[in-house]
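Written out below as structure tokens is the structure these notes cover.
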Amino acid sequence: MDPILEQIKPGAPLPPYFYRLKALEAAPLLLGQTLVRRTEEGDIRCRIVETESYGGIEDKGSHAHGGRRTARTEIMFGSGGTAYIYLIYGMYNCLNVVTGTEGDPQAVLIRAVEPLSPADETGMRRYRGTAARKPVDLSGGPGKLCRALDITKALNGLPLAQPGGLLWLEDRPAPNEVIVQAPRVGIAYAEEYAAKPWRFYFRGNPYVSVIDKQAEVWAGSN
DNA sequence: AGTGGGATTCTCT
DNA sequence: GAGAATCCCACTA
């Protein structure tokens with residue numbers, strides 16, 4: 001058992017030290033954890049099944065590469081435990097969990113989630129605004145899951161560590177699934193960083209956005 | 001099942 | 001003014 005996962009207690013908020021990890025450490029450990037969205041209709045709980053690490057100023061795939069510190073990226077430079085939400089392609093929001101310490105821009109993109117219960121799925125379908133015939137249509141993709149959970153830039157910068165706000169993370173038991181890693185999606189411009197296997201997902205999970213047949217089992221898993 | 005292009009607006013040069 | 005950590009529909013087969 002991973003020594004960090006060992007300390008995690010199901011149902012509790014993710015502990016503060018978790019948010020100080022580097023994105024590359026936090027990304028696989030976020031798999032299986034619960035994302036909770038409080039809406040006027042009630043709480044929606046879902047399980048994170050796919051993540052990507054964007055870590056440090058050296059990562060050419062990151063918005064903060066080269067130390068680019070702008071109004072948009074500022075939140076990434078803060079200490080971990082907040083939400084970084086940005087608009088992509090003019091129409092889609094993407095959710096990141098900021099990790100790391102003050103001044104070190106680390107973030108984990110949440111790429112896919114699955115509803116924990118039929119009631120959670122109903123809530124997600126209400127916001128999703130399309131038929132979603134297959135699991136991947138509902139919340140398999142960073143833009144899709146933000147639609148399904150009504151996550152917009154209005155939530156940018158909010159803390160994720162405390163329950164009872166609009167958005168937070170809770171611990172779950174260690175997953176039984178196999179974690180694999182593969183190159184990240186949509187960053188062809190990132191040169192030598194484009195091929196780094198910094199995307200993590202549960203092998204065989206139907207909510208995963210992009211299946212990579214070359215994906216290798218994560219060495220850090222059991 | 002797989003491909004190709006349009007949508008739409010914020011962000012930074 | 002260009003381009004973006006994407007999605008969806010229409011089209012082919």
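Keep in mind that what you see is a predicted model, and the values were worked out from it rather than measured. Residue numbers begin at 1 in each chain, while the letters A, B, ... track the order of the sequences.
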(message) Using a 4.5 Å cut-off between side-chain heavy atoms of Ile, Leu, Val, Met, Phe, Trp and Tyr, which other residues end up in the same hydrophobic cluster as A:V185?
(response) A:V210

Write down the distance between [atom1] ([X]) and [atom2] ([N]), rounded to a whole number of angstrom.
X: A:R69; N: B:dT13; atom1: CZ; atom2: P; answer: 15 Å
X: A:K213; N: B:dA1; atom1: NZ; atom2: C1'; answer: 11 Å
X: A:Y207; N: C:dC7; atom1: OH; atom2: P; answer: 16 Å
X: A:K144; N: C:dC9; atom1: NZ; atom2: C1'; answer: 13 Å
X: A:K134; N: C:dC8; atom1: NZ; atom2: C1'; answer: 12 Å
X: A:N96; N: C:dA4; atom1: CG; atom2: C1'; answer: 14 Å
X: A:E50; N: C:dT6; atom1: CD; atom2: C1'; answer: 13 Å
X: A:I151; N: C:dT6; atom1: CD1; atom2: P; answer: 16 Å

(request) Return yes if some donor-acceptor pair links the side-chain N/O of A:Q181 with the main-chain N/O of A:F200 below 3.5 Å, else return no. (result) no

(message) Strictly distance-based, threshold 3.5 Å: is any side-chain N or O of A:Q106 a donor or acceptor partner for the main-chain N or O of A:G100?
(response) no

(request) Look through every strand shown and name the nucleotide pairing with B:dT3 as Watson-Crick or G-U wobble, where both distances are under 3.5 Å. (result) C:dA10

(request) Would you mind pulling out the nucleotide paired to B:dT8, Watson-Crick or G-U wobble, both distances under 3.5 Å? (result) none

(request) Let me know, please, whether A:D137 or A:G186 comes out on the 5' side of the other along DNA chain C by nearest nucleotide. (result) A:G186

(message) Quick check on side chain to side chain contact (heavy atoms under 4.5 Å, CB included): which of A:L145, A:I151, A:L109 does A:C94 satisfy it with?
(response) A:L109

(request) Among A:I85, A:N93, A:D150, find the residue that satisfies the side chain to side chain contact (heavy atoms under 4.5 Å, CB included) test when tested with A:L155. (result) A:I85

(request) Verify the contact: side-chain N or O of A:R147 to OP1 or OP2 of C:dT6, cut-off strictly under 4.0 Å; return yes or no. (result) no

(request) Would you indicate, yes or no, if B:dT13 has its OP1 or OP2 atom less than 4.0 angstrom from a side-chain nitrogen or oxygen of A:R72? (result) no

(message) Pair A:Y54, A:H65 - check side-chain hydrogen bond (donor to acceptor under 3.5 Å, both in side chains), show working.
(response) CA-CA 9 Å; A:Y54 289 87; A:H65 74 92; over 6 Å; no

(message) Quick check, does A:Y89 stack with C:dA4? I mean ring centres under 5.5 Å and planes off by under 30°.
(response) no

(message) Both A:M91 and A:K153 contact DNA chain B. Which one's nearest nucleotide lies toward the 5' end?
(response) A:M91

(message) Please compare A:T73 and A:Y92 by the position of their nearest nucleotide in DNA chain B and report the one closer to 5'.
(response) A:Y92

Base, sugar-phosphate, or nothing: which does [X] touch, judged by heavy atoms less than 4.0 Å apart?
X: A:L87; value: sugar-phosphate
X: A:G141; value: sugar-phosphate
X: A:R68; value: sugar-phosphate

(message) When you measure only distances, ignoring hydrogens and angles, does the side chain of A:Y86 come within 3.5 Å of the base of C:dA5 through a donor and an acceptor?
(response) yes

(request) Counting heavy atoms from C-beta on, name the nucleotide in C:dC7, C:dT6, C:dA4 closest to the side chain of A:Y189. (result) C:dA4

